[in-house]
Amino acid sequence: MKSRLSKSLAGVTLCFSLFTAGTLITTPQAAFAASQTKSTATATSSKADSIISLGKRYLGVRYKFGASTGNTSAFDCSSFTQYVYGKNGVSLPRSSKQQSQVGTYVPKDQLKPGDLVFFYSPIHHVGIYMGNGKILHTYGSPGVTISDMNTGWWKNNYKTARRVLK
């Protein structure tokens, strides 16, 4: 009887030890994965903040259709986005139409700061989503400016959005 009890106790102890060891092994991995996800989200948010901050430095810079890449004395919409994203390590093609084909599609109700937003059909205008319905972009006489994409012309001509920040 004592032998059977000893064997049962040894078996229970072994099972408990294996369960505890398994929990200790998997818990740090789950915690690491969660911290990596949070770290990635923070890095994306930080990059979006840097892009928007840099873009705001050019408020009022004149608009010029076909402005040269890298020229900061005048921008068109896509040279502006290409420039500020490029300065933050994100390579974008030159035209708004080409930019509308990179990254991943984002529904309008899921926009985050740093997403690219596109207008017209066919697409020929791009801006940077800032949050709260605001976009940073350049066009016509205001040059680089901030607009509310949920009113007037911008609301009526919104086409799509792309997420290029990871």
> Which residue pairs pass the salt bridge (charged side-chain N to carboxylate O under 4.0 Å, His left out) test when at least one of the two sits in residues 50-63, sequence neighbours left out?
Replying inline: none
> If every non-hydrogen atom of Pro113 is compared with every non-hydrogen atom of Ala48, which pair is closest and at what distance?
Replying inline: O-CB, 3.3 Å
Atom [atom1] of [X] and atom [atom2] of [Y]: how far apart are they, to the nearest 0.5 Å?
{"X": "Ile146", "Y": "Lys134", "atom1": "CD1", "atom2": "NZ", "answer": "8.5 Å"}
{"X": "His137", "Y": "Phe118", "atom1": "NE2", "atom2": "CZ", "answer": "13.5 Å"}
{"X": "Asp49", "Y": "Leu54", "atom1": "CG", "atom2": "CG", "answer": "12.5 Å"}
{"X": "Leu165", "Y": "Thr104", "atom1": "CG", "atom2": "OG1", "answer": "10.0 Å"}
{"X": "Ser96", "Y": "Gln82", "atom1": "OG", "atom2": "CD", "answer": "11.5 Å"}
{"X": "Leu92", "Y": "Ser79", "atom1": "CG", "atom2": "OG", "answer": "11.5 Å"}

>> Show, in sequence, the C-alpha distance, side-chain angles and deciding distance for Thr145 and Tyr139, and conclude whether the side chain to side chain contact (heavy atoms under 4.5 Å, CB included) test is met.
In response: CA-CA 8 Å; Thr145 190; Tyr139 74 98; 3.8 Å; yes
In terms of hydrophobic clustering (I, L, V, M, F, W, Y; side-chain heavy atoms under 4.5 Å; direct or indirect links), are [X] and [Y] co-clustered?
{"X": "Phe65", "Y": "Tyr120", "result": "no"}
{"X": "Ile135", "Y": "Ile51", "result": "no"}
{"X": "Val106", "Y": "Ile52", "result": "no"}
{"X": "Tyr85", "Y": "Leu59", "result": "yes"}
{"X": "Val90", "Y": "Met130", "result": "yes"}

>> Quick check against the 3.5 Å criterion: does Ser100 have a side-chain atom that pairs as donor or acceptor with the backbone of Lys97?
In response: yes
>> I'd like to know if the side chain of Gln110 reaches the main chain of Pro107, judged simply by a donor and an acceptor atom lying under 3.5 Å from each other, with no hydrogens or angles considered.
In response: no
> For Ser78, which of Gln99, Arg94, His125 qualifies under side-chain hydrogen bond (donor to acceptor under 3.5 Å, both in side chains)?
Replying inline: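 Of the listed options, the one satisfying the test is Arg94.
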>> Does Tyr129 form a side chain to side chain contact (heavy atoms under 4.5 Å, CB included) with Leu116? I'd like the steps, not just the answer.
In response: CA-CA 6 Å; Tyr129 187 71; Leu116 293 172; over 6 Å; no
> Leu136 and Val144: side chain to side chain contact (heavy atoms under 4.5 Å, CB included), yes or no, with the steps?
Replying inline: CA-CA 7 Å; Leu136 179 61; Val144 177; 4.1 Å; yes
>> Working note: Val61 + Thr72, criterion side chain to side chain contact (heavy atoms under 4.5 Å, CB included); need CA distance, chi angles, decisive distance, verdict.
In response: CA-CA 8 Å; Val61 170; Thr72 59; over 6 Å; no
> What class does the angle between the rings of Phe75 and Tyr83 fall in, given that below 30° is parallel, 30 to 60° is tilted and above 60° is perpendicular?
Replying inline: tilted
> Which side chain to side chain donor-acceptor pair (under 3.5 Å) pairs, counting each pair once, include a residue from residues 148-165, with sequence neighbours left out?
Replying inline: Asp115-Arg163
